[in-house]
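Position 1 is the first residue of the sequence, and the numbers go up from there. What's counted below: heavy atoms across the whole structure, side chains too, no hydrogens, waters or symmetry copies. Just so you know, ligand 1 is whichever comes first in the structure, and atom 1 is the first atom listed for that ligand.
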Amino acid sequence: MASTAASPAFCGIPKTSTAVRASLNAPTTRFLAKTPLRGLGFAAAAAKPLLSHHVATKLRSFGSSSAKPVRGVATMAKKSVGDLTAADLKGKRVFVRADLNVPLDDNQTITDDTRIRAAIPTIKHLISNGAKVILSSHLGRPKGVTPKYSLAPLVPRLSELLGIQVVKADDCIGPEVEKLVASLPEGGVLLLENVRFYKEEEKNEPEFAKKLASLADLYVNDAFGTAHRAHASTEGVTKFLKPSVAGFLLQKELDYLVGAVSSPKRPFAAIVGGSKVSSKIGVIESLLEKCDILLLGGGMIFTFYKAQGLSVGSSLVEEDKLDLATTLLEKAKAKGVSLLLPTDVVIADKFAPDANSKIVPASAIPDGWMGLDIGPDSIKTFSDALETTKTVIWNGPMGVFEFDKFAVGTEAIANKLAELSGKGVTTIIGGGDSVAAVEKVGVASVMSHISTGGGASLELLEGKELPGVLALDEAIPVAV
Ligand SMILES: Nc1ncnc2c1ncn2[C@@H]1O[C@H](COP(=O)(O)OP(=O)(O)O)[C@@H](O)[C@H]1O
Ligand SMILES: O=C(OP(=O)(O)O)[C@H](O)COP(=O)(O)O
């Protein structure tokens with residue numbers, strides 16, 4: 001199944017895949033095997049007021065065993081899509097922001113549909129109550145209109161899962177889109193084109209948000225994976241659409257993650273890897289405050305090595321983060337946090353599945369070679385460090401696991417977490433690629449929680465407010 005599909009031809013992607021090469025720079029489209037969604041099954045109708053995470057944190061510190069409102073405490077719960085009935089929805093145009101940023105291969109085939117399946121309960125609730133759904137998402141990090149980042153390849157799978165033909169717009173604003181919205185029947189779904197084709201989206205420009213909002217009567221945010229971004233479609237739009245409510249996925253993710261990371265069972269370990277170094281290296285500072293053990297792997301580590309004066313060959317490095325890396329190493333030492341970097345790495349002579357490879361100490365990466373996985377000594381050290389933990393959160397693969405030769409570290413950590421999960425340790429896996437990796441290994445079902453958001457779950461762990469959540473309407477306070 002998954003592992004077979006992802007092996008030598010790795011999901012049918014040519015060995016010189018642009019998708020793979022792009023992952024070194026801006027790894028936004030992904031390419032793993034199609035695997036069943038686990039850990040995200042929930043009843044669409046099981047709606048309850050959504051606790052904003054800072055409130056849930058407060059409740060936890062009162063010793064509550066669940067994130068339910070406490071008698072007499074005014075909660076800052078967020079309104080949920082489950083609070084909206086047919087009376088609110090029938091005939092209404094609902095703007096739904098989902099995170100449909102799924103991996104596609106070079107043939108534009110979806111290779112992991114986890115995020116599409118996770119968005120379905122909210123959409124089904126809306127269409128079964130007679131709403132007209134205007135569905136919006138980004139895909140990747142395009143600079144302007146870029147055909148390979150079109151949402152068109154998602155239409156067949158969305159239609160299949162919803163049991164209706166989803167209509168696709170060629171834009172996300174403008175007269176043609178307005179015409180399609182006007183002709184949308186009750187219970188219909190219109191998928192807008194990639195909202196990041198407009199630079200105004202990430203800049204959160206109010207005029208752009210207003211144009212998006214003008215398409216609809218009310219707003220649902222179900223994009224947990226993008227809830228840490230204050231963009232026009234996740235935050236700006238809420239200023240022009242009322243009500244603005246949380247979708248079932250957003251609600252479910254927060255319900256689980258807030259409780260698990262606000263007062264984690266200790267020792268508490270975080271594992272951070274992957275290739276979004278500049279977005280995630282900053283999180284490490286906060287993790288030093290929260291975690292007892294911090295393990296770094298993936299493309300993250302070479303910036304740390306270089307900051308220590310080591311040669312890193314042609315490995316992924318964020319030059320402008322070298323000072324930060326040095327500071328983080330000093331802070332970890334001062335705080336007594338075990339910040340472990342791999343001591344050995346698997347290096348390659350090119351970024352390809354058939355690259356020549358060898359294992360070298362982290363201090364001996366030759367020029368012209370790049371680190372694409374953690375080595376066996378590091379796997380052992382990391383596994384030993386995790387042995388006594390009670391809670392582990394993992395975001396970012398340990399290596400370029402899409403290539404079999406460089407998947408060993410990621411697979412070993414996935415298997416270690418599965419083993420710990422079996423012993424009662426809380427194991428949380430977040431992020432599109434990290435989830436795809438544990439699916440590939442076949443251990444997703446034994447993890448405590450599979451999250452559709454990597455960066456978003458790390459920011460929650462940091463204790464940050466997620467702009468996409470904060471912007472939503474508050475529910476009427478509940479006293480129980
Ligand atoms: N040493 C490395 N060099 C380059 N890319 C890496 C390295 N290790 C892991 N990666 C890549 O990181 C990507 C995932 O990173 P990221 O997007 O941060 O994770 P997630 O999607 O789980 O949040 C994968 O495509 C993987 O190939
Ligand atoms: O894939 C995503 O984040 P993740 O890799 O941290 O899980 C989200 O779709 C957000 O994408 P972005 O990091 O380009 O804003």
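The CZ atom of Phe406 sits 9.5 Å away from the CD1 atom of Ile347 when rounded to the nearest 0.5 Å. Atom-to-atom distance recorded for Phe268:CZ and Lys290:NZ is 9.0 Å, nearest 0.5 angstrom. In this structure, OH on Tyr149 lies 10.5 Å from CZ on Arg196, to the nearest 0.5 angstrom.
If you look at His231 next to ligand 2, there are no close heavy atoms at all, none under 4.0 Å. Of all the heavy atoms of Lys280, the ones lying under 4.0 Å from any atom of ligand 1 belong exclusively to the side chain. Contacts with ligand 1 closer than 4.0 Å are made by side-chain heavy atoms of Asn395 only, the backbone lying farther away.
Close contacts of ligand 2 with Lys280, meaning ligand atoms under 4.0 Å from a residue heavy atom, involve 6 (O). Of all atoms in ligand 1, numbered sequentially from 1 with element shown, those under 4.0 Å from a heavy atom of Lys276 are 17 (O), 18 (O). Close approach of ligand 1 to Ser434 is summarised as follows: ligand atoms under 4.0 Å from at least one heavy atom of the residue are 20 (P), 22 (O). Each of the atoms 1 (N), 2 (C), 3 (N) of ligand 1 lies under 4.0 Å from some heavy atom of Gly371. Close approach to Gly299 involves these atoms of ligand 1, each under 4.0 Å from a residue heavy atom: 1 (N), 2 (C), 7 (C), 8 (N). Applying the 4.0 Å criterion to heavy atoms of Arg229 picks out, from ligand 2, the atoms 12 (P), 13 (O), 15 (O). For ligand 2, the atoms closer than 4.0 angstrom to any heavy atom of Gly225 are 8 (C), 10 (C). Of all atoms in ligand 1, listed by their number and element, those nearer than 4.0 Å to a heavy atom of Phe302 are 1 (N). The contact set between ligand 2 and Arg141, taken as ligand atoms under 4.0 Å from a residue heavy atom, comprises 12 (P), 13 (O), 14 (O). Below 4.0 Å from some heavy atom of Gly455 lie the following atoms of ligand 2, by number and element: 4 (P), 6 (O). Residue-ligand proximity, Gly432 to ligand 2, at heavy-atom distances under 4.0 Å covers atoms 7 (O).
When only interatomic distances are considered, the shortest N/O to N/O separation between Asp433 and ligand 1 falls below 3.5 Å. Residue Gly454 places at least one N or O, backbone or side chain, under 3.5 Å from an N or O of ligand 2. Polar contact with ligand 2: present for Asp99 (N/O pair, distance under 3.5 Å). At a 3.5 angstrom cut-off on N or O pairs, Asn395 does not count as close to ligand 2. Of the polar atoms of His228, none of the N or O atoms is found under 3.5 Å from an N or O of ligand 2, judged by distance alone.
Of all the heavy atoms in Val317 and Thr303, the pair that sits closest is CA-OG1, 3.7 Å.
No heavy atom of Phe403 sits closer than 4.0 Å to any atom of ligand 1.
The heavy atom nearest to atom 2 (C) of ligand 2, out of those in Arg115, Glu202, His138, Arg196, is found in Arg115. Summarising the contacts of atom 12 (O) of ligand 1 with Ser275, Pro103, Ala407, the nearest heavy atom is found in Ser275. Taking all heavy atoms of Gly432, Gly454, Pro397, Ala456 into account, the minimum distance to atom 19 (O) of ligand 1 is reached by Pro397.
Ion pair Asp404/Lys440 flagged as a salt bridge, since at least one NZ, NE, NH1 or NH2 atom sits closer than 4.0 Å to an Asp/Glu carboxylate oxygen. With respect to Lys306 and Glu319, a salt bridge is recorded, a charged nitrogen being found less than 4.0 Å from a carboxylate O. A salt bridge does not link Glu200 to Lys203: none of the charged nitrogens lies less than 4.0 Å from a carboxylate oxygen. Salt bridge annotation for Arg97-Glu201: present, with a cationic side-chain nitrogen under 4.0 angstrom from a carboxylate oxygen.
Note: His449 and Tyr256 have parallel aromatic rings, judged against thresholds of 30 and 60 degrees for the angle between ring planes.
Here Tyr219 and Phe240 keep their ring centres 6.0 angstrom or further from each other.
One side chain, Asp344 or Ser378, offers a donor N or O that lies under 3.5 Å from an acceptor on the other.
By the 6.0 Å and 45° rule, Lys358 stacks over the aromatic ring of Trp369.
Around atom NZ of Lys211, no more than 12 heavy atoms belonging to other residues, nucleotides or ligands sit under 6.0 Å away.
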Using salt bridge (charged side-chain N to carboxylate O under 4.0 Å, His left out), reason through Glu387 and Lys416 one step at a time and then give a plain yes or no.
CA-CA 9 Å; Glu387 194 58 52; Lys416 182 68 195 175; 2.5 Å; yes
